[in-house]
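Step one of this worksheet: look at the structure below.
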Amino acid sequence: MRRIVVMISGRGSNLQAILRVASQEQWRHTVVGVIADREEAQGIRLAALAGIEAAVVPWRNYADRAEFEHDVWRQLVRFSADLVVLAGFMRFLGDPLVSHYSGRLLNIHPSLLPAFSGLHTHRRALEAGALVHGATVHLVTPTLDHGPILAQSVVPVRSSDTPETLAARVLETEHQILPRAVSWLADGRIHLPTHPGGGRVEIDGVSPRERLLTLDY
Ligand code: GRF
(Lines give C-alpha, C1' and ligand atoms only; values in the text may rest on other atoms or scores of the structure.)
Protein backbone atom coordinates (compact mmCIF):
# COMPACT_ATOMS: atom_id res chain seq x y z
CA MET A 1 0.00 0.00 0.00
CA ARG A 2 1.42 3.37 -1.04
CA ARG A 3 0.55 6.52 0.88
CA ILE A 4 -0.43 9.22 -1.60
CA VAL A 5 -0.48 12.94 -0.81
CA VAL A 6 -2.22 15.27 -3.26
CA MET A 7 -1.21 18.93 -3.44
CA ILE A 8 -3.71 21.53 -4.66
CA SER A 9 -4.18 25.28 -5.03
CA GLY A 10 -7.82 25.62 -6.07
CA ARG A 11 -10.94 23.80 -7.14
CA GLY A 12 -9.61 20.29 -6.67
CA SER A 13 -11.42 18.57 -9.53
CA ASN A 14 -8.32 16.50 -10.29
CA LEU A 15 -8.16 15.47 -6.62
CA GLN A 16 -11.80 14.44 -6.90
CA ALA A 17 -11.04 12.41 -10.04
CA ILE A 18 -8.24 10.55 -8.24
CA LEU A 19 -10.51 9.78 -5.28
CA ARG A 20 -13.31 8.60 -7.57
CA VAL A 21 -11.11 6.25 -9.59
CA ALA A 22 -9.32 4.99 -6.46
CA SER A 23 -12.65 4.01 -5.00
CA GLN A 24 -14.11 2.59 -8.25
CA GLU A 25 -11.02 0.49 -8.90
CA GLN A 26 -10.51 -0.36 -5.24
CA TRP A 27 -6.88 0.70 -5.22
CA ARG A 28 -4.76 -0.83 -2.54
CA HIS A 29 -3.11 2.59 -2.25
CA THR A 30 -4.61 5.39 -0.18
CA VAL A 31 -4.80 9.15 -0.43
CA VAL A 32 -3.74 9.91 3.13
CA GLY A 33 -3.56 13.67 2.94
CA VAL A 34 -4.00 16.84 0.96
CA ILE A 35 -1.74 19.87 1.10
CA ALA A 36 -3.05 23.23 -0.11
CA ASP A 37 -1.03 26.40 -0.55
CA ARG A 38 -4.09 28.61 0.05
CA GLU A 39 -6.74 28.50 2.76
CA GLU A 40 -9.38 29.38 0.13
CA ALA A 41 -8.65 26.33 -2.04
CA GLN A 42 -12.09 24.76 -2.61
CA GLY A 43 -10.49 21.34 -2.82
CA ILE A 44 -9.98 21.42 0.96
CA ARG A 45 -13.72 20.92 1.32
CA LEU A 46 -13.63 17.95 -1.03
CA ALA A 47 -10.91 16.42 1.13
CA ALA A 48 -13.00 16.96 4.26
CA LEU A 49 -16.04 15.35 2.61
CA ALA A 50 -13.89 12.33 1.80
CA GLY A 51 -12.58 12.20 5.37
CA ILE A 52 -9.05 13.09 4.30
CA GLU A 53 -6.93 15.45 6.35
CA ALA A 54 -5.94 18.67 4.58
CA ALA A 55 -2.97 20.73 5.70
CA VAL A 56 -2.63 24.32 4.57
CA VAL A 57 0.80 25.83 3.98
CA PRO A 58 -0.18 29.36 2.94
CA TRP A 59 2.53 30.46 0.52
CA ARG A 60 1.59 34.13 0.96
CA ASN A 61 2.91 34.02 4.52
CA TYR A 62 6.41 33.15 3.35
CA ALA A 63 9.00 35.69 2.32
CA ASP A 64 11.25 32.94 1.10
CA ARG A 65 10.55 29.96 -1.17
CA ALA A 66 13.00 27.74 0.70
CA GLU A 67 11.05 28.25 3.94
CA PHE A 68 7.76 27.52 2.20
CA GLU A 69 9.19 24.32 0.75
CA HIS A 70 10.63 23.39 4.11
CA ASP A 71 7.15 23.51 5.66
CA VAL A 72 5.61 21.62 2.72
CA TRP A 73 8.25 18.95 3.24
CA ARG A 74 7.42 18.79 6.97
CA GLN A 75 3.79 18.08 6.08
CA LEU A 76 4.82 15.40 3.57
CA VAL A 77 6.91 13.74 6.26
CA ARG A 78 4.05 14.03 8.75
CA PHE A 79 1.77 12.23 6.27
CA SER A 80 4.56 9.68 5.60
CA ALA A 81 4.03 10.29 1.88
CA ASP A 82 5.35 7.62 -0.47
CA LEU A 83 4.06 9.41 -3.52
CA VAL A 84 3.17 13.06 -4.14
CA VAL A 85 0.73 14.29 -6.79
CA LEU A 86 0.67 17.93 -7.87
CA ALA A 87 -2.95 18.21 -9.00
CA GLY A 88 -3.50 21.85 -9.90
CA PHE A 89 -0.79 22.97 -7.49
CA MET A 90 0.26 26.37 -8.79
CA ARG A 91 3.56 26.93 -6.97
CA PHE A 92 6.96 25.98 -8.28
CA LEU A 93 8.76 23.39 -6.16
CA GLY A 94 12.52 23.05 -6.41
CA ASP A 95 15.43 21.31 -4.79
CA PRO A 96 16.14 19.74 -2.34
CA LEU A 97 12.47 18.73 -2.02
CA VAL A 98 12.09 17.66 -5.66
CA SER A 99 15.24 15.55 -5.63
CA HIS A 100 14.22 13.89 -2.39
CA TYR A 101 10.91 12.75 -3.94
CA SER A 102 12.45 12.11 -7.36
CA GLY A 103 10.53 9.40 -9.22
CA ARG A 104 7.71 9.65 -6.66
CA LEU A 105 6.46 13.14 -7.51
CA LEU A 106 4.19 13.78 -10.47
CA ASN A 107 2.42 16.76 -11.95
CA ILE A 108 -0.44 17.39 -14.33
CA HIS A 109 0.11 20.29 -16.69
CA PRO A 110 -2.60 21.59 -19.03
CA SER A 111 -0.64 21.53 -22.28
CA LEU A 112 1.14 19.12 -24.56
CA LEU A 113 4.58 19.47 -23.03
CA PRO A 114 7.17 20.52 -24.00
CA ALA A 115 4.92 23.17 -25.58
CA PHE A 116 3.45 25.87 -23.36
CA SER A 117 5.04 25.28 -20.01
CA GLY A 118 4.08 27.84 -17.37
CA LEU A 119 0.79 29.70 -17.03
CA HIS A 120 -2.16 30.63 -19.30
CA THR A 121 -1.61 27.64 -21.53
CA HIS A 122 -5.07 27.65 -23.13
CA ARG A 123 -4.89 31.30 -24.14
CA ARG A 124 -1.37 30.81 -25.45
CA ALA A 125 -2.37 27.76 -27.49
CA LEU A 126 -5.18 29.76 -29.10
CA GLU A 127 -2.90 32.72 -29.75
CA ALA A 128 -0.37 30.42 -31.40
CA GLY A 129 -3.09 29.05 -33.67
CA ALA A 130 -2.42 25.52 -32.44
CA LEU A 131 -4.68 22.88 -33.98
CA VAL A 132 -4.21 20.55 -31.03
CA HIS A 133 -3.78 21.15 -27.34
CA GLY A 134 -4.01 18.84 -24.35
CA ALA A 135 -2.55 17.82 -21.02
CA THR A 136 0.53 16.02 -19.78
CA VAL A 137 1.24 13.96 -16.68
CA HIS A 138 4.95 13.90 -15.96
CA LEU A 139 7.41 13.15 -13.23
CA VAL A 140 8.69 16.34 -11.65
CA THR A 141 12.27 17.52 -12.00
CA PRO A 142 13.72 20.77 -10.65
CA THR A 143 12.97 22.40 -14.04
CA LEU A 144 9.45 23.85 -14.29
CA ASP A 145 6.95 21.66 -16.21
CA HIS A 146 9.67 19.33 -17.32
CA GLY A 147 10.38 15.66 -16.70
CA PRO A 148 9.66 12.16 -17.97
CA ILE A 149 6.21 11.96 -19.57
CA LEU A 150 3.82 9.30 -18.29
CA ALA A 151 0.60 10.13 -20.16
CA GLN A 152 -0.80 12.76 -22.49
CA SER A 153 -4.16 13.77 -23.86
CA VAL A 154 -4.63 15.36 -27.26
CA VAL A 155 -7.57 17.71 -27.65
CA PRO A 156 -8.44 19.34 -30.99
CA VAL A 157 -8.76 23.11 -30.93
CA ARG A 158 -12.04 24.24 -32.47
CA SER A 159 -12.30 27.52 -34.36
CA SER A 160 -15.03 28.61 -31.94
CA ASP A 161 -12.90 27.93 -28.84
CA THR A 162 -12.26 30.48 -26.14
CA PRO A 163 -9.64 29.87 -23.45
CA GLU A 164 -12.52 28.78 -21.21
CA THR A 165 -14.13 26.26 -23.57
CA LEU A 166 -10.73 24.82 -24.43
CA ALA A 167 -9.78 24.60 -20.74
CA ALA A 168 -13.00 22.75 -19.96
CA ARG A 169 -12.38 20.18 -22.71
CA VAL A 170 -8.78 19.67 -21.62
CA LEU A 171 -9.82 19.37 -17.96
CA GLU A 172 -12.14 16.44 -18.74
CA THR A 173 -9.16 14.60 -20.18
CA GLU A 174 -7.00 15.49 -17.18
CA HIS A 175 -9.52 13.68 -15.01
CA GLN A 176 -8.89 10.53 -17.03
CA ILE A 177 -5.13 10.53 -17.53
CA LEU A 178 -4.09 11.69 -14.06
CA PRO A 179 -5.65 8.88 -11.98
CA ARG A 180 -4.29 6.31 -14.45
CA ALA A 181 -0.76 7.66 -14.14
CA VAL A 182 -1.02 7.83 -10.35
CA SER A 183 -2.00 4.17 -10.19
CA TRP A 184 0.88 3.13 -12.53
CA LEU A 185 3.34 4.99 -10.35
CA ALA A 186 1.88 3.66 -7.10
CA ASP A 187 1.97 0.12 -8.49
CA GLY A 188 5.71 0.53 -9.18
CA ARG A 189 5.27 -0.13 -12.90
CA ILE A 190 7.24 2.84 -14.20
CA HIS A 191 10.79 2.48 -15.50
CA LEU A 192 12.75 5.58 -16.30
CA PRO A 193 14.95 5.75 -19.38
CA THR A 194 18.47 4.66 -18.50
CA HIS A 195 20.49 6.43 -21.18
CA PRO A 196 21.63 9.99 -20.50
CA GLY A 197 19.63 11.58 -23.33
CA GLY A 198 16.37 10.52 -21.71
CA GLY A 199 13.70 9.17 -24.01
CA ARG A 200 10.52 7.30 -23.39
CA VAL A 201 9.48 5.97 -20.00
CA GLU A 202 8.44 2.29 -20.01
CA ILE A 203 5.41 1.23 -18.01
CA ASP A 204 4.90 -2.47 -17.25
CA GLY A 205 1.76 -3.83 -18.89
CA VAL A 206 0.82 -0.48 -20.45
CA SER A 207 1.28 0.16 -24.17
CA PRO A 208 2.20 3.62 -25.50
CA ARG A 209 -1.31 3.72 -27.03
CA GLU A 210 -2.90 3.34 -23.59
CA ARG A 211 -0.87 6.29 -22.34
CA LEU A 212 -2.39 8.56 -24.95
CA LEU A 213 -5.97 9.80 -24.81
CA THR A 214 -7.16 11.43 -28.03
CA LEU A 215 -10.42 13.33 -28.39
CA ASP A 216 -12.14 13.51 -31.77
CA TYR A 217 -12.71 16.92 -33.31
C1 GRF B 1 -5.94 22.03 -14.03
O2 GRF B 1 -6.21 22.40 -15.35
C3 GRF B 1 -4.47 21.79 -13.86
O4 GRF B 1 -3.89 21.12 -14.93
C5 GRF B 1 -4.00 23.22 -13.79
O6 GRF B 1 -4.93 23.85 -12.96
C7 GRF B 1 -6.18 23.20 -13.09
C8 GRF B 1 -6.59 22.75 -11.72
O9 GRF B 1 -7.86 22.24 -11.68
N10 GRF B 1 -2.63 23.33 -13.40
P11 GRF B 1 -8.41 21.49 -10.38
O12 GRF B 1 -8.01 22.32 -9.16
O13 GRF B 1 -7.83 20.12 -10.34
O14 GRF B 1 -9.90 21.48 -10.56
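When a ligand or atom number is given, it counts from 1 through the structure's own listing order.
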inquiry  = Going by the closest heavy atom to atom 11 (P) of ligand 1, which one wins out of Ala135, Gly43, Ser13?
reply    = Ser13
task = Look at Arg158 together with Asp161 and state whether they make a salt bridge at an N to O cut-off of under 4.0 Å.
result = no
request  = May I ask you to say whether Asp82 pairs ionically with Arg3, meaning some side-chain N is under 4.0 Å from a carboxylate O?
outcome  = no
query = Which heavy atom of the protein is the closest neighbour of atom 7 (C) of ligand 1, given with residue, atom name and distance?
reply = Arg11 NH2, 4.0 Å
query = Should you measure from each heavy atom of Gly12, which atoms of ligand 1 turn up under 4.0 Å away?
reply = 11 (P), 12 (O), 13 (O), 14 (O)
task = Tell me, yes or no, whether the heavy-atom count around Arg45 atom CZ, taken from other residues, nucleotides or ligands under 6.0 Å, exceeds 12.
result = no
task = Before giving the answer on side chain to side chain contact (heavy atoms under 4.5 Å, CB included), spell out for Ile8 and Ile35 the whole-Å C-alpha distance, their side-chain angles and the decisive distance to 0.1 Å.
result = CA-CA 6 Å; Ile8 60 167; Ile35 298 175; over 6 Å; no
ask   = Measuring from the heavy atoms of Met90, does anything fall under 4.0 Å of ligand 1?
value = yes
query = What protein heavy atom is closest to atom 3 (C) of ligand 1, reported as residue, atom name and distance in Å?
reply = Glu174 OE1, 3.3 Å
Ligand 1 atoms in contact with Gly88 (distance to a heavy atom under 4.0 Å) = 6 (O), 8 (C), 10 (N)
inquiry  = Does the residue Ile108 have a heavy-atom contact with ligand 1, meaning some pair of atoms that are separated by less than 4.0 Å?
reply    = yes
ask   = When you check the gap from the basic side-chain N to the acidic O, do Arg60 and Glu40 get nearer than 4.0 Å?
value = yes
